[in-house]
Amino acid sequence: MGNINKRSIVIALIFISLALTFVLKLFNLQVYDPSYKSYAENNTRREIVTFPARGLVYDRNNNLIVSNQADYDLMVVPRELKSLDTTSFCNALEITKEELVELFDKMRTKLKYRKISAIKPSIFYKQLSAKQYGYLQEKLYKYDGFFVQRRTLRNYEYPYAAHILGYIGEVGSKDLKRDKYYTKGDYHGINGIESTYENNLRGEKGYKYVLVDVHGREKGAFRDGKFDIPAVAGKDINLTLDIDLQAYGEELMQNKIGAIVAIEPSTGELLSMVSSPNYNPNLLVGKQRAGNFSKLSTDSLKPLYNRPIMAWYPPGSTFKTVQALIGLQEGVITPNSKFECYSGYNVGRFHLGCHHHYSPLNLRQSIANSCNAYYCNVFRYVIDQPKNGTVQNGFELWKDYLVRFGFGYKLGVDFANENRGFVPNSKTFDKIYNKSWSSLTVVSMAIGQGELLITPIQMANMSATIANRGYYYTPHIIKSIENDTVPSRFLEKHETGIDTTHFAPVIDGMEMAVWNDELGTARMARIPGISICGKTGTAQNPHGKDHSVFIAFAPKDDPKIAIAVYVENGGYGSTWAAPIAGLMVEKYLNKEIQPSREWIEKRMLEGDLIHGKK
Amino acid sequence: MVKNSTIKNIDWITVILYLILVAFGWINIYAANYNPENPVFFDPNKEYAKQLIWFGLSLFIIWILFITDSKFYVAFSYFLYGLSVFLLFSVIFLGKEINGAKSWFELGPVRFQPVELAKVATALTVSRIISNYGFSFKKRKDLLKIIAVWMAPVVCILLQNDTGSALVFFVLALPFYREGFSGNVLILAVIGAVVSVFTIIYPNYLILSSIIVVIALILMYKTNLKLVAISLAIGIATLLLGLAIYAAIEKEYFWELLIVVATLASSTYILVVGIKKRQKVVYPILMFLWGAIIFTLSTDYFIEEILSEYQRTRINVLLGFKDDPLGAGYNVNQSKIAIGSGGLTGKGYLQGTQTKFNFVPEQSTDFIYCTVGEEWGFVGTTAVIALFLILMLRLIILAEKQHSTFSRVYGYCVASIFFFHFAINIGMTIGLAPVIGIPLPFFSYGGSSLWGFTTLLFIFLKLDTNRTELIR
């Protein structure tokens, strides 16, 4: 060896010369020739999200209640920003220079903390008005880095049913993590059916890829749209709601606090669900949403609170119907059993008052006239049956009937924030009374007072169960989903375990409550021509005047509607709740109020239990 | 265990170059996989995570290679060669077709490309044949033997429809040349290959013009300036005359015919002068000139007229024109835009826009160099070229230090194979070479290729630890 091989030099030179050629070519490409740089800028790809139209919402009679309206967001791609003619830009957006500076500061802060990307579009200014959009679209080419993205907002065709429909809002950080479908700035249903049926209503976002030049102008589809994904529109849904009935209910309840729930007994379909006070759903749409929302949420009357499913109330005397059914099923009474009433129920020094009426009454009469003493007796007979042994066992037996009626637990309606109400068990009392208590200790529950708390929808469900003579379907608001089925749990029959035969005397009593001139407590609910059955309640309330309560269903045979009305601080059940329930039933079954009853309608519409109270 | 003497003799410069290349490659694979619209710091399903695993296995391979005795590579070279040709052959029937080439074995989740083994085995085998006592390229028997050993894998790979990989074997002509193979044959082969590829990429008149320029330079060097000047003048005059005639009767110029006629005129003059002045040197030059012209035109004719549509498509696939939704040259154009947009210092790590979003195809494999170009700029691309050049030159230097012919030839084989990949891969991304889908060593994503190149290199480094011994 020793000498360097000539041919190895040749090979090394080949290697070196090719490397040099590459370096020269690269120098030309990357440093000397500027054309490739501008090509690259011409080449920027932009992902444009195409938002699908959200599914429409119809009521049970195919009236459109929720539709969509177009809305435009001004988007920014920070990296593409160039110098900006702020004056004209401010004019286009109808904002002041200070506001613009603030918007830019906000954007920079977000960039700094990596909340938004420099090369990906993010929202700069939300929800342009049609006028702003029109003006801006013309001049957009002047504003590098900005473009307008279309999305849809909700449009509520009726100013009613706000609590049922819920509203749309920006997706929060928790939901962003939970569901990968959403990206920052997306909207989703927050409450009501918008939230429950979000996955059906939202559809699927599409993606469009376009090439844009340095000025942010679109230069056509990227790769002929090969990578584009079209948006899929959301599914339309039908609600079980009758929007006319709902509207009527909300009008009747104006200036009152409370709830109305109407159910079709044979299916469990919710015909109307009124929460009062309420608000116009259009208040929570678009730019005004934030302002209105904070106003509504600080209102002392809690208009955002969905009373039918969230409020816990004592059921009052309406509960005597269930009490009678338990007594009949347990065999401690017959329809002909009579109990004395001495202006109330007296045991030793214990006294539970009742209004004055003739005595003794049988079962039918006791319901019609709402005798307290009768049900104190029934309650105690049920619990103190010898077969139970202890009061604890007796109470559990009684409680289990209540649970089968749907009390104490969530019914499982299609609203996320349903409350369970409260049905105590024997352990509750063991704790309170240190295990020394008897049926007399808790006898106030016999008349729907005491620890017992139930929601208006549970109350309406009770009414529907009686109307059905023993069973119920879980109340629900969804009637049908486009190309899909409603959740199967709404098709399951729930039995109460009470024989159908026992319902006849109770229902007779409810009929008498409305129609018996002598005994009836709910004569205000009479509708000529409709065999309506009902039961009043006047629920004592430690915070003020009694709550006015009424449950009803009609017609007596083959019921079409079961209803519960709760008017807070309304006094007697017959004063407000009964006439309102009557009007609702008449409206639903006859579509109009007969002239002879218009005075009742007027009185209910004008009744004001809120203003001037304080 | 790896012997102490082995560790002591390892060429650490090469090892460090290897590690830098793999690391920088990985950094760029990460960038190519990075989605700025949904930034995730480390996604175990992405290619960069897998590449880390492939690299871990490479370290294991290196360890195996180092504990193996150097003599093993000599002794088992024929066996390995036989095995790899067998695998190359059977993959034609049993393999899985990926990107139109049936070159992969698939065993459950593991994919393996026998061509990687074949590169190593063929390099070892030709090294062993050349190192045989009394071997000479001038002996017909030896020449045929070496050509046969070289041809067998090439034919199998061509049958797999993996033309890119088959071309790699042609680069073994470099070590052959080093060991005494005729230089002229080498030059002619290279020119033939280059011209036939170029006839497809570039228009004919461009190639013809460049051939004429080359011939003029050779003539100038071999004869005298006056002859060249006059013949060129004749040629240009003929060309102008032809243009004038064309302008008079037709609107379109048929450049190729004009150039041929003009060359005919000037070469006639050269021939006359050559005969008169008895300058024999002009005959081979003229023969070469006309040979090149006929070759160029016939290649074109061959491709356009004789090949079927199907075969033409094949060639277009080979050259990268087929997988091209936006027409010929799209991929190369996008690749050039990506690299060109990098500028002097690049857009910064992870800031590339062209190498994401599918503008550039095969971003992490064949076109990984685009990411380097876009995000690291001219500084980065030059650095990669420098690293490869240093590695290849280092391999030549090491090869020349070997006492045994076997190790030396093998070293050249390794350097040449790297060179071929380097030349074609980088060349195609900057538009200087046809788009042949072969990876950039250590850079491109993929276990099979990383292991192949690692094995190739570290067998040589193992042989190099015994550089003063005669390995037979």
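Here the structure is a predicted model, which is why all the values come from computation and not from measurement. Numbers restart at 1 for each chain; the letters A, B, ... are given by sequence-line order, proteins then strands.
Both the backbone and the side chain of B:I339 have a heavy atom closer than 4.5 Å to some heavy atom of chain A. For chain B, the nearby parts of A:F27 are the backbone and the side chain; heavy atoms of each come within less than 4.5 Å. Residue B:A399: no heavy atom, backbone or side chain, is found under 4.5 Å from chain A. For chain A, the nearby part of B:L389 is the side chain; its heavy atoms alone come within less than 4.5 Å. Interface residue A:L26: backbone and side-chain heavy atoms are both found under 4.5 Å from chain B. Of the atoms belonging to B:F388, not a single heavy atom falls under 4.5 Å from chain A. In this structure, the portion of B:I385 lying under 4.5 Å from any heavy atom of chain A is its side chain and not its backbone. Proximity to chain A (any heavy atom under 4.5 Å) is restricted, for B:F181, to the backbone atoms N, CA, C and O.
Side-chain polar atoms of B:T381 and A:Q30 form a donor-acceptor pair below 3.5 angstrom.
Salt bridge status for A:R54 with A:E198: present, with a side-chain N to carboxylate O gap under 4.0 Å. Contact check on A:R7 versus B:E179 returns no salt bridge, with no Lys/Arg side-chain nitrogen under 4.0 Å from an Asp/Glu carboxylate oxygen.
With sequence neighbours excluded, the residues that form a side chain to side chain donor-acceptor pair (under 3.5 Å) with A:Y187 are A:Q127.
The side-chain tip of A:K205 points at the ring of A:Y181 from less than 6.0 angstrom away and within 45° of straight on. In this structure, A:R154 forms no cation-pi arrangement with A:Y167, as its terminal cationic atom is not both closer than 6.0 Å to the ring centre and no more than 45° off the ring axis.
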